[in-house]
There are 2 protein chains.
Amino acid sequence: MKKKLSKKEAILESATQLFSQKGYRTTSMSEVAREAGVADGTIFYHFKTKEELFLAVLENFKNELIAEFSTYLDGREFQTGLEKIEDLLSFYISLVNRLEDRFLLLHRHFPYTLAKNNPACKSHLEEIYDSLITVFEQGIVQGQADGSIDDLPARTMAMIIFTLVDGMVRLYSYHIYQNGPHYNDLIASCRRMLKK
Amino acid sequence: MKKKLSKKEAILESATQLFSQKGYRTTSMSEVAREAGVADGTIFYHFKTKEELFLAVLENFKNELIAEFSTYLDGREFQTGLEKIEDLLSFYISLVNRLEDRFLLLHRHFPYTLAKNNPACKSHLEEIYDSLITVFEQGIVQGQADGSIDDLPARTMAMIIFTLVDGMVRLYSYHIYQNGPHYNDLIASCRRMLKK
DNA sequence: TTTTTAACTGAGTAGTCAGTCAGTCTCTAT
DNA sequence: ATAGAGACTGACTGACTACTCAGTTAAAAA
């Protein structure tokens, strides 16, 4: 059973790496096959088209992401909602570093183009963004209950904060601006934004 | 003289539209030629390679952007530095809307990939980001002088604020989250971040 | 053992695309 | 008028790529 899935899994892993690092258009199916140690035809046995392979990669990444956050939050207690937000910011930054080889998937434009005429792709992306923003939102709601965070529209503020961290890590990944050491200022800025 | 440049300009304009809307890889040179009303070979007469055409497009956009900001700021007076920042945020948002057909250029991943082994591309991008961030930085410095903005690292805060607006307009352009109406909250958040 | 089914293979196909080139057109200078 | 230069053309080429398919191998069922 494990062996049976193993080639399919190898394909999925190679495709994830390559689509993320090199991009969808510039990665050929032969390249994925070579990287996975598999014949060209084998890919098409498991995934009908390149697009379908991409969707499988995206879905897989979505599940990984959601699992990462749920294990991080599982059983963890925070003094205040504000502290939770600050921790989440650090966690997100470290997560992007750790999963650098697949996070680029979300920072490329292709998935959003595909989402326009592929409902499955759109819903994967929506689930990803929704779950990430919801995590931040819950921190804000908690902070508003314990008095550490001001009375602001929670969902919107969650989106703003998420957009900010994500924008920072993306800008960093461009290597145009070296803004790694500015994460402390980023977290401080979010604190000022939210504090009562 | 004008007529002499006209086909080259038509090519540049079509390439800008197509590279922005469809992306570099998915746009063929024949497509650009057709759109510009020109024979395939004509493009290669003016631009040796596709990459060179892209660089010309990027440089052109860089100049447009810088010109837009300098005419916006030219002779405009702001009561306080904080007001200047708020105005700049609104201006940036309206600019992205107005130049929607070319702003996507910067929101795609290709230029940053190219920048890795093409110094000209890298320096165009650096100039773009540098000039945008510098505009915000000057507002912050002014605000710190007139007492409307707190004593924070100006350059870093400028980068944070720029990253935030740019991230918001980008997320909006993905059509995953409809966050157009949240621009007021965005501006309010920046105010809280900066205010003394 | 034999049969059946699923997994896998890689050479082949049809299509696309960046870039070339031999030649035509247009305009200017003489 | 004519020569010459620069602008322009589009058919062509070679390289690449997503996908197919006829056939092989491996594994499970009978």
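All chains are named by letter (A, B, ...) in the order of the sequence lines, taking the proteins before the strands, and each is independently numbered beginning at 1. None of these values were measured; they are calculated from a predicted model.
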Rounded distance in Å - [atom1] ([X]) to [atom2] ([N]):
X	N	atom1	atom2	result
A/F47	C/dC8	CZ	P	11 Å
A/R34	C/dC8	CZ	P	19 Å
B/L18	C/dC17	CG	C1'	15 Å

Checklist outcome for this item: salt bridge (Lys or Arg N to Asp or Glu O under 4.0 Å) pairs touching residues 34-52 of chain B, sequence neighbours excluded, are none

Checklist entry - Name the one of A/L164, A/V165, A/D166 that satisfies side chain to side chain contact (heavy atoms under 4.5 Å, CB included) with A/M168? => result A/L164

Checklist entry - Aromatic rings B/F110 and B/Y24: how do their planes relate, parallel, tilted or perpendicular, breaks at 30° and 60°? => result parallel

Checklist entry - Taking it one step at a time, do A/K8 and A/H46 satisfy side-chain hydrogen bond (donor to acceptor under 3.5 Å, both in side chains)? => result CA-CA 7 Å; A/K8 191 175 179 180; A/H46 290 291; 5.0 Å; no

Next on the checklist: Please report the interatomic distance CG(A/L125) to CG(A/L106), rounded to the nearest 0.5 Å.
Outcome noted: 7.0 Å

Checklist outcome for this item: When rounded to the nearest 0.5 Å, the distance separating CZ of B/F19 from CZ of B/F61 is 14.5 Å

Checklist entry - Any side-chain N or O of A/K7 less than 4.0 Å from the OP1 or OP2 oxygen of C/dT9? => result yes

Item to check | Contact state string [nucleotides 16-22 of chain D, B base, S sugar-phosphate only, - no protein heavy atom under 4.0 Å] | outcome: -SSBB--

